[in-house]
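Because only heavy atoms are used, hydrogens play no part in the values below, and waters and symmetry mates are left out as well, while side chains stay in.
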Amino acid sequence: MKIVLDTNVVVSGLLQAQGNPAQVLALVLSGAIQICHDKRILAEYAEVLARPRFKFDPKRVREVLNKIETDGLAVDAAGESNLNLPDPDDEPFLAVALAASADFLVTGNLADYPPDKRRGCAVVSPAAFMTERQRTAGR
């Protein structure tokens, strides 16, 4: 299974060891599911996770980012443009999801990806992703 993680899920997953974002991030870090990314996404993860207000351990951040970059799937999403999302900073996430034919784009803010802009991409919350994963794992 291939997914794209919005930065807010990575942040939430690192802030709280319990909960759906943490479970999704743990699946990625364990290699149970493959995360798709490009250099823009990796740069945003690094910038946001380095913000002082989060007080993340820099060593832990490096470990997480290295694991995502090394084990994840690097995607060339240059062909996906004119996505016209409300916030242009969210466009790399949808572009990578579309270019990779990802199964899901997982985000804590569904409003960032209006249904009429998704171009067929399944955009779900961490809770909905975990529910779907449990449902399909039971088959």
Side-chain angles (χ1 to χ4, degrees):
M1 178 180 297
K2 295 186 296 189
I3 68 168
V4 173
L5 282 185
D6 200 345
T7 308
N8 57 54
V9 178
V10 177
V11 170
S12 296
L14 290 173
L15 281 173
Q16 297 186 339
Q18 304 298 316
N20 292 307
Q23 290 177 36
V24 175
L25 186 59
L27 288 168
V28 166
L29 297 177
S30 73
I33 53 179
Q34 187 169 42
I35 188 170
C36 303
H37 57 73
D38 70 1
K39 62 181 182 245
R40 298 170 299 173
I41 289 174
L42 293 174
E44 178 166 322
Y45 288 169
E47 188 272 319
V48 172
L49 295 177
R51 291 179 183 167
R53 71 176 178 185
F54 293 124
K55 298 182 176 110
F56 290 133
D57 175 12
K59 182 179 177 200
R60 175 71 175 138
V61 168
R62 273 193 311 277
E63 289 170 355
V64 168
L65 293 177
N66 287 341
K67 185 85 170 148
I68 287 172
E69 184 172 9
T70 303
D71 294 352
L73 177 65
V75 175
D76 178 2
E80 301 293 340
S81 58
N82 299 319
L83 297 173
N84 299 314
L85 292 177
D87 182 351
D89 289 342
D90 294 321
E91 292 187 6
F93 298 91
L94 182 57
V96 166
L98 292 168
S101 298
D103 298 290
F104 297 99
L105 189 166
V106 184
T107 181
N109 193 348
L110 297 172
D112 288 346
Y113 305 92
D116 63 327
K117 305 284 186 185
R118 295 177 184 174
R119 298 188 185 179
C121 180
V123 179
V124 298
S125 68
F129 175 78
M130 292 306 299
T131 298
E132 178 63 18
R133 178 157 165 69
Q134 290 165 348
R135 188 184 67 75
T136 57
R139 288 184 188 168

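Counting non-hydrogen atoms of other residues, nucleotides and ligands closer than 6.0 Å to CD of Gln18 gives a total of 12 or fewer. With a 6.0 Å radius and a threshold of 12 heavy atoms from other residues, nucleotides or ligands, Gln16 has its CD atom at or below the threshold. Remark: Arg60 CZ is loosely packed, at most 12 non-hydrogen atoms of other residues, nucleotides or ligands lying under 6.0 Å away.
The nearest pair of heavy atoms linking Lys2 to Ala100 is NZ-O, 2.5 Å. When every heavy atom of Tyr113 is checked against every heavy atom of Arg118, the shortest pair comes out as O-NE, 2.6 Å. Residues Pro21 and Pro126 share a closest heavy-atom pair of N-CB, 3.9 Å. Nearest heavy atom pair, residue Asp6 against residue Tyr45, reads C-CE2, 4.4 Å.
Note that OG of Ser125 is 10.5 Å distant from CG of Asn8, once rounded to the nearest 0.5 Å. Rounding to the nearest 0.5 Å places CD1 of Ile41 at 9.0 Å from CG of Leu5. Between Glu44 atom CD and Asp38 atom CG the span is 10.5 Å, to the nearest 0.5 Å. Within the model, atoms CZ of Arg133 and CE of Met1 stand 6.0 Å from one another, a figure rounded to the nearest 0.5 Å.
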Fill in: Residues Val48, Val10; criterion side chain to side chain contact (heavy atoms under 4.5 Å, CB included); working and verdict
CA-CA 10 Å; Val48 172; Val10 177; over 6 Å; no
Could you tabulate the donor-acceptor pairs under 3.5 Å formed by side-chain atoms of residues 85-98, not counting sequence neighbours?
| residue | atom | partner | partner atom | Å |
| --- | --- | --- | --- | --- |
| Asp87 | OD1 | Asp89 | N | 2.9 |
| Glu91 | OE2 | Asn84 | N | 3.2 |
| Glu91 | OE2 | Leu85 | N | 3.0 |

Only distances under 3.5 Å count here; give the side-chain donor-acceptor pairs of residues 68-83 to other protein atoms, sequence neighbours excluded, each with its distance to 0.1 Å.
| residue | atom | partner | partner atom | Å |
| --- | --- | --- | --- | --- |
| Thr70 | OG1 | Asn66 | O | 2.7 |
| Asp71 | OD2 | Lys67 | NZ | 2.6 |
| Asp76 | OD1 | Ala78 | N | 3.0 |

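Proximity of Leu14 to Leu25: side-chain heavy atoms (C-beta onward) are separated by under 4.5 Å at one or more points. With contacts defined as side-chain heavy-atom distances shorter than 4.5 Å, the pair Pro58/Arg62 qualifies.
Of the candidates Asp103, Leu27, Asn20, Phe129 forms a side chain to side chain contact (heavy atoms under 4.5 Å, CB included) with just one, namely Leu27.
Salt bridge annotation for Asp57-Lys59: absent, with no cationic side-chain nitrogen under 4.0 angstrom from a carboxylate oxygen.
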